[in-house]
Amino acid sequence: MTLPSRLPFEIIRDPAAMRARAEDLRRDGRRVAVVPTMGALHDGHLTLLRRARAMADVVILTIFVNPTQFGPNEDLSRYPRDEAGDLAKARACGIDLAFCPTAEAMYPAGSQTFVEVRELAQPLCGASRPGHFAGVATVVTKLFHVTRPHVALFGEKDYQQLAVIRRMTRDLDFGIEIVGVPIVREPDGLAMSSRNVYLSPAQRAQALALVNGLGAAEAALRAGERDAAALLAAARAPIEAAAADGGVRIDYLELRDADDLSPVAVVTRPAVLAMAVFVGTTRLIDNRVLKP
Ligand code: PAF
């Protein structure tokens, strides 16, 4: 029997129904890709969806603003939500199925099990946002269990998140291919993020300091600089210039080994320059892998 090439679009909200549907898809011999998101889709997400479309027979988008990855003073309650708009954009990219569960369905009363990745989850965002990566690893595990994908796609803007998910997938034998997709930027270089909508026009201009910092470090590397302190100083300069106008604060700015995220003193192999910077109350992250 030949399978219909494309399936009628559907939205599923119940995890058990999603798992049953995913089992059917696998039984039919279809290759399934999943793109996990928290919604508020921008061109970065749509790039993931288009890439998924090219890699699989069935593309599942998940939209779930995961409460367990937000700290008590973070932006869970005001995180942008626009399910109808997201679904319209995603359908234009050819997705087959959207899994949009409620928090109650994902975390029924009494839930008490978390997935913890250790060393990789400790520095950078892990140090600034205690418990964040346990929340991410737990929800991604659950999303993998209910969508049963062969391949899952994540953006490289969340560099540490991608590293944590790759390691978890390997350590726990999920047997899922993890694909990282390069950062998508606005024409002026700002990395696309759902949180960019929080920025006022003045803050939007200040936010360019992040990509300018990455560019300055890259230029120093190209000029022969290998010392981490000097590369970090180059990256810090445009951010400190923006901070002089007020409202900009570096959360972290670090150079770490691109594979295991261990600290780097001299760049002899690929290293990731990773930063988190508050612009007003909005915390933005960005990174670039520096290759000597
Ligand atoms: O990157 C995100 O949007 C989230 O951290 C993810 C991977 C969907 C888990 O909630």
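When a ligand or atom number is given, it counts from 1 through the structure's own listing order.
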Quiz item: With atoms numbered from 1 as shown, which atoms in ligand 1 lie under 4.0 angstrom from a non-hydrogen atom of Val139?
Solution: 9 (C), 10 (O)
Quiz item: Can you list the steps and then say if Arg13 with Glu83 is a salt bridge (Lys or Arg N to Asp or Glu O under 4.0 Å)?
Solution: CA-CA 12 Å; Arg13 298 189 189 278; Glu83 187 184 285; 2.7 Å; yes
Quiz item: Counting only heavy atoms, which portion of Ile165 has something under 4.0 Å from ligand 1: side chain, backbone, both, or neither?
Solution: neither
Self-check item: Cation-pi, Tyr198 ring and Arg78 (6.0 angstrom, 45 degrees)
Solution: yes
Exercise. Look at atom 7 (C) of ligand 1 and say which protein heavy atom is nearest, naming residue and atom and giving the distance to 0.1 Å.
Key: Gln161 NE2, 3.4 Å
Practice problem: Step by step, work out the side-chain hydrogen bond (donor to acceptor under 3.5 Å, both in side chains) result for Thr68 and Tyr107. | Solution: CA-CA 9 Å; Thr68 65; Tyr107 297 107; 3.0 Å; yes
Exercise. Measure the CZ-CG distance between Arg195 and Asp75 for me, rounded to the nearest 0.5 Å.
Key: 4.0 Å
Quiz item: Nearest protein heavy atom to atom 10 (O) of ligand 1, by residue and atom, and its distance?
Solution: Gln69 OE1, 2.6 Å
